[in-house]
Number of protein chains: 2
Amino acid sequence: MITLGYALLGLLARQSRSGYDLIQSMENPVGFFWHARRSQIYPELARLEEAGLVTHELVEQWDRPDKKVYTITETGLAALREWMTAPMARAPDRDEFTLKAFSVWVSDPTAAAPLFRTHEQLHRERQAIYEQTVREMEERWGRAELLRLDSPRFASYATLRRGIDYERSYAEWCHWMVEMLEGQHAKEGDES
Amino acid sequence: MITLGYALLGLLARQSRSGYDLIQSMENPVGFFWHARRSQIYPELARLEEAGLVTHELVEQWDRPDKKVYTITETGLAALREWMTAPMARAPDRDEFTLKAFSVWVSDPTAAAPLFRTHEQLHRERQAIYEQTVREMEERWGRAELLRLDSPRFASYATLRRGIDYERSYAEWCHWMVEMLEGQHAKEGDES
DNA sequence: CACTACTATATCATTATTGATATAGGAGGA
DNA sequence: TCCTCCTATATCAATAATGATATAGTAGTG
């Protein structure tokens with residue numbers, strides 16, 4: 001099965017949702033680690049249902065279009081558990097922005113610097129969003145709940161921690177690049 | 001144009017290579033930030049040639065099959081420069097392993113811990129490879145050359161720095177996860 | 001002599017993902 | 001009233017990426 005399928009199962013294991021809700025969840029902060037378009041989600045839901053991993057219930061609404069609310073089945077939960085603990089190889093790394101760094105030498109440093117400056121900003125913003133989310137979670141459920149291993153809150157918290165580390169380390173690297181490109185490498189220490 | 005195209009141009013800007021050489025370069029440490037299979041590289045080279053971004057010269061060899069050595073053109077270099085400084089949005093994050101963390105709550109912690117243990121190891125190993133590469137570069141060209149902005153060495157060094165940070169932060173997160181899952185969260189500080 | 005590995009290029013089918021577009025009712029603002 | 005936005009689902013074409021396989025010569029090992 002496709003990774004997207006497990007992403008959807010992971011969301012449905014927490015709570016039943018419509019396709020539209022799933023699309024929202026995939027776009028919002030918590031879904032930062034996997035991304036998909038509507039055109040991929042609806043067919044994938046159909047495939048999950050065909051495989052018996054989810055079922056749907058039609059919910060009629062008077063004020064807006066009717067929706068199909070999907071619920072994970074026991075089979076679906078079992079599939080999610082199996083995927084969860086299945087040994088897995090490193091995913092091939094793919095980052096177009098880092099790829100740019102690999103060719104930074106061909107361009108004028110003063111032309112390249114703004115690019116890295118912008119990305120430093122983008123990553124710091126994302127970091128701030130994740131940190132804010134963690135703070136909100138702490139206020140809402142308390143720190144103890146976030147550390148209860150069988151709680152979805154813990155899983156969200158763990159994921160967010162990864163996100164925060166990722167964004168911070170990315171932003172720091174961008175910052176270093178800007179310093180280099182702007183010729184202010186006086187601060188540059190040695191951390192071989 | 002496709003990102004892979006710029007990855008290939010980036011390699012050819014440094015040195016002319018055959019398709020086969022390019023495949024090697026994409027698999028080795030330096031090419032850790034983008035990945036492609038043979039079946040994608042050969043057609044892409046043909047497309048680059050059709051677009052006038054590279055040319056090839058047939059090199060006959062007596063001891064092994066003849067090869068086509070590709071060289072970047074002025075147009076190709078211009079295209080690379082333009083892509084280099086073109087404003088770029090955040091790439092959608094995609095990491096199947098982090099996605100697993102999002103569903104870690106459904107599985108038994110003792111079953112999940114080894115998974116994170118393994119990945120900590122994988123990332124530490126990769127980190128060590130990158131660090132070793134940097135050390136070799138320092139020995140071979142000297143630290144000053146690695147910081148010369150118009151040198152491909154600087155670009156490689158910058159890329160490797162990103163790689164090292166990425167691997168370290170990933171490994172540290174995996175380590176934290178293992179501690180959590182194994183119930184040794186005594187060390188857990190507060191870094192909100 | 002068979003087997004395996006390496007150099008070298010290439011095609012094919014399939015799957016995954018993206019981008020554009022369609023439909024359709026309700027809400028809210030200009 | 002027109003326009004835009006939101007909820008809600010869906011299809012379609014195009015592109016990107018993967019996996020499998022083919023060909024073919026050389027070199028080395030058992």
Side-chain angles (χ1 to χ4, degrees), chain A residues 1-8 11-12 16-28 31 33-51 54 56-70 88-96 99, chain B residues 1-8 11-12 16-28 31 33-51 54-70 83 88-96 99:
Chain A
M1 194 166 79
I2 199 180
T3 305
L4 173 60
Y6 293 107
L8 298 177
L11 285 164
L12 293 176
S16 295
R17 294 167 217 243
S18 69
Y20 191 82
D21 290 338
L22 285 167
I23 290 162
Q24 307 308 312
S25 307
M26 295 292 285
E27 273 168 13
N28 287 346
F33 39 83
W34 203 262
H35 179 262
R37 304 299 174 97
R38 312 145 215 57
S39 50
Q40 215 192 341
I41 290 174
Y42 287 113
E44 184 57 23
L45 275 170
R47 247 173 286 156
L48 290 174
E49 183 152 44
E50 206 192 353
V54 303
H56 84 261
E57 186 194 3
L58 223 145
V59 175
E60 289 179 45
Q61 295 181 113
W62 61 109
D63 59 336
R64 51 185 73 172
D66 297 350
K67 61 180 177 180
K68 299 179 190 167
V69 172
Y70 289 87
M88 182 191 155
R90 270 181 67 96
D93 296 299
R94 221 164 223 166
D95 184 341
E96 187 175 348
L99 188 66
Chain B
M1 193 167 78
I2 197 180
T3 305
L4 172 60
Y6 293 107
L8 298 178
L11 285 164
L12 294 176
S16 295
R17 294 166 218 244
S18 69
Y20 191 81
D21 290 339
L22 285 166
I23 290 161
Q24 306 309 313
S25 307
M26 296 291 285
E27 272 167 13
N28 287 346
F33 39 81
W34 204 263
H35 179 261
R37 304 300 174 95
R38 311 144 215 60
S39 50
Q40 214 192 341
I41 289 174
Y42 288 113
E44 184 57 24
L45 275 170
R47 249 174 284 157
L48 289 175
E49 184 152 43
E50 206 191 356
V54 302
T55 52
H56 84 262
E57 186 196 2
L58 224 145
V59 174
E60 288 180 45
Q61 296 181 113
W62 62 109
D63 59 335
R64 50 185 72 172
D66 297 350
K67 61 181 176 180
K68 300 180 190 166
V69 172
Y70 289 88
W83 167 74
M88 183 192 155
R90 269 181 66 98
D93 295 299
R94 221 164 223 166
D95 184 341
E96 188 175 348
L99 188 66

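Keep in mind the model is a prediction, meaning the values are calculated, not measured. What you see below is based on every heavy atom in this structure, not just the backbone, and it leaves out hydrogens, waters and symmetry mates. Lettering of chains follows the sequences in order, A, B, ..., and the numbering in each one begins at 1.
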Taking the side chain of [X] as its heavy atoms from C-beta onward, which of [options] lies nearest to it?
{"X": "Arg47(B)", "options": "dT9(D), dT7(D), dA16(D)", "value": "dA16(D)"}
{"X": "Ile2(A)", "options": "dA8(D), dA16(C), dA17(D)", "value": "dA16(C)"}
{"X": "His35(B)", "options": "dT18(D), dA10(D), dT7(D)", "value": "dT18(D)"}

Specify the separation, in whole Å, of atom [atom1] of [X] and atom [atom2] of [N].
{"X": "Glu27(A)", "N": "dT18(C)", "atom1": "CD", "atom2": "P", "result": "12 Å"}
{"X": "Asp66(B)", "N": "dC6(C)", "atom1": "CG", "atom2": "C1'", "result": "16 Å"}
{"X": "Glu44(B)", "N": "dA17(D)", "atom1": "CD", "atom2": "C1'", "result": "12 Å"}
{"X": "Leu8(A)", "N": "dA16(C)", "atom1": "CG", "atom2": "C1'", "result": "14 Å"}
{"X": "Gln61(B)", "N": "dC6(C)", "atom1": "CD", "atom2": "P", "result": "17 Å"}
{"X": "Arg38(A)", "N": "dC12(D)", "atom1": "CZ", "atom2": "C1'", "result": "15 Å"}
{"X": "Met1(A)", "N": "dA16(C)", "atom1": "CE", "atom2": "P", "result": "11 Å"}
{"X": "Lys68(A)", "N": "dT7(D)", "atom1": "NZ", "atom2": "C1'", "result": "15 Å"}

Exercise. Which sits closer to the 5' end of DNA chain C, Gln24(B) or Arg94(B), going by the nucleotide each is nearest to?
Worked result: Gln24(B)
Exercise. Mapping Leu4(A) and Arg64(A) to their closest nucleotides on DNA chain C, which lands nearer the 5' end?
Worked result: Leu4(A)
Hey, is the side chain of [X] poking within less than 4.0 Å of OP1 or OP2 on [N], counting only N and O atoms?
{"X": "Gln40(B)", "N": "dA16(D)", "answer": "no"}
{"X": "Tyr20(A)", "N": "dT7(D)", "answer": "yes"}
{"X": "Arg37(B)", "N": "dG19(D)", "answer": "yes"}
{"X": "Tyr42(B)", "N": "dT9(C)", "answer": "yes"}
{"X": "Thr3(B)", "N": "dA16(D)", "answer": "no"}

Exercise. In terms of heavy-atom contacts, does CD of Glu50(A) have more than 12 from other residues, nucleotides or ligands at under 6.0 Å?
Worked result: no
For this session: Scan Ser39(B) against the nucleic acid and name what it touches under 4.0 Å (heavy atoms): base, sugar-phosphate only, or nothing.
Result: base
Exercise. Do the side-chain N and O atoms of Asp21(B) and Ser18(B) include a donor-acceptor pair separated by under 3.5 angstrom?
Worked result: yes
Exercise. Where does the angle between the aromatic ring planes of Trp83(B) and Tyr6(B) fall among parallel (under 30°), tilted (30 to 60°) and perpendicular (over 60°)?
Worked result: parallel
Seminar exercise, completed: Assert: residue with more 5' nearest nucleotide on DNA chain D, out of Pro92(A) and Asp21(A), is Asp21(A)
Problem set entry | Contact check, side chains of Ile2(A) and Gln40(A), non-hydrogen atoms, under 4.5 Å | yes
Seminar exercise, completed: All heavy atoms of Val69(A) vs all of Ser16(A), minimum pair found to be CG1-CB, 3.8 Å
